[in-house]
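Here's the structure we're looking at; comments come further down.
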Number of protein chains: 2
Amino acid sequence: MSPRDPGPTRAAVLLSASQLLESGGPEAVTLRAVGEAAGVSRSAAYRHFDDKAALLSELARLTLTEMAESIRAAAIDTDSRVNLRLGSGAYVDYALQNPHHYQLIFGETPLSAPTPELEAAADEAMAALQHLIERAQTAGQLGGGAPRELATVLWVLLHGIAALQITGHLHEPRTLDGDTRLNELLDLALASFRPVE
Amino acid sequence: MSPRDPGPTRAAVLLSASQLLESGGPEAVTLRAVGEAAGVSRSAAYRHFDDKAALLSELARLTLTEMAESIRAAAIDTDSRVNLRLGSGAYVDYALQNPHHYQLIFGETPLSAPTPELEAAADEAMAALQHLIERAQTAGQLGGGAPRELATVLWVLLHGIAALQITGHLHEPRTLDGDTRLNELLDLALASFRPVE
DNA sequence: ACCTGAACACCGTTCAAGT
DNA sequence: ACCTGAACACCGTTCAAGT
């Protein structure tokens, strides 16, 4: 029906790789294991992707697109400051619920040269954050300044929280459980984010 | 002379691993290559470290210690707000000049269980940041709030900038060269970091 | 057009054997 | 006490061969 069916094998390979990644981490994603889980041989993936890096790059693109959608879907409050918090929370939540996928995008970068498609997906996520900033600025609830630059600062902040939490560097104080601790850190970070002017 | 000489082989292995890491990235750090560069066999490292992860963990510890020292050494201005900027700049500069070492510490975490020694080194770096916060607070140039929590927010910010830059996600606008762009982002982030009260 | 299976050049790690 | 070198069980990738 669709102009070009991506083919069941390609879809099965991507799905298997995604499941293996989140359940067993990056070292579980071998082409042998992917092939077995998808019911094909270990070299079948090469008929649909240039190499392993290209397969992972496509997986990263899909993840980034889903993440951007998750941010947009969460930011539904009428108060723009609440909205900023909801969208930011969605970003961090998504990262923590899919840590290995998140690390695939923002981690050690095994994706050598980022493809234009991957950059486009990253821009989409960035646009979702920038939209949060612009709405808050319009409502006068956030200082002035170039929205693009402020969105970058917000991104830097959210990525810092997500990345340090995933890699286990945000472990204290131990008196609070992880979720509470993280929400309080996000609250403090956003409350301290007050662009001048 | 010293109570227990760590042995020339152990030191040579660590140095070779460090050089291979920064010059060729993580995939260049194979025990075969390390052994050859250090002038020993490929299995000699097992006489000094439990496994490859333990070797990398020790390398991460040394890096973290050096980084903390670099932050301390940079923060020498009498004005505490300038000091905050100098220390923050030293953090980001160190990360960008040793990207693979920085990623070894804060990246995909191949170091399974962090050793107590590694955690102690991380606390040292964290303490350097907290000291910057406390000095600025004492001088009345930064709002109130728990220094420990604010230092965590600062850390999150600096890590976000360093990590996104290293992984190539901070590439626009292309009208500026990388250093200028990064310094302006750091300036904006610190100017927007204004804890309430 | 898509897939297989053997083969190749790599890994980390182990272990009997040497000094 | 420290090191070697062969061996083992893995990788990603290629390629002739099949349908």
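The basis for the numbers below is simple: all heavy atoms, side chains too, and nothing from hydrogens, waters or symmetry mates.
- Ion pairing between a basic and an acidic side chain is recognised when a charged N comes within 4.0 Å of a carboxylate O; A/Arg10 and A/Glu58 show such pairing.
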Dot-bracket assigned to DNA chain C with the 3.5 Å Watson-Crick/G-U criterion, [ ] for crossing and | for other-strand pairs, is ||.|||||...|||||.||
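- The CG-P distance, from A/Leu20 to D/dG12, rounds to 11 Å in whole Å.
- With values rounded to the nearest 0.5 angstrom, A/Leu96 atom CG is found 8.0 Å from A/Asp179 atom CG.
- Between B/Glu124 and B/Arg61 there is no salt bridge, since none of the side-chain N atoms of the basic residue sits less than 4.0 Å from a carboxylate O of the acidic one.
- The side-chain heavy atoms of B/Leu31 and B/Ser43, taken from C-beta on, include no pair separated by under 4.5 Å.
- B/Arg10 has its CZ atom 12 Å from the P atom of D/dC3, to the nearest Å.
- Looking at B/Tyr91 and B/Leu157, their side chains never come closer than 4.5 Å, going by heavy atoms from C-beta outward.
- Sorted by residue number, the members of residues 22-46 of chain A with any non-hydrogen atom under 4.0 Å from DNA chain C read A/Val40, A/Ser41, A/Ser43, A/Ala44.
- B/Asp50 places its CG atom 10 Å from the P atom of C/dT13, with the value rounded to the nearest Å.
- The side chain of A/Arg47 sits closest to C/dT4 out of C/dT4, C/dT13, D/dC2.
- What separates CZ of B/Phe49 from P of D/dC3 is a distance of 11 Å, to the nearest Å.
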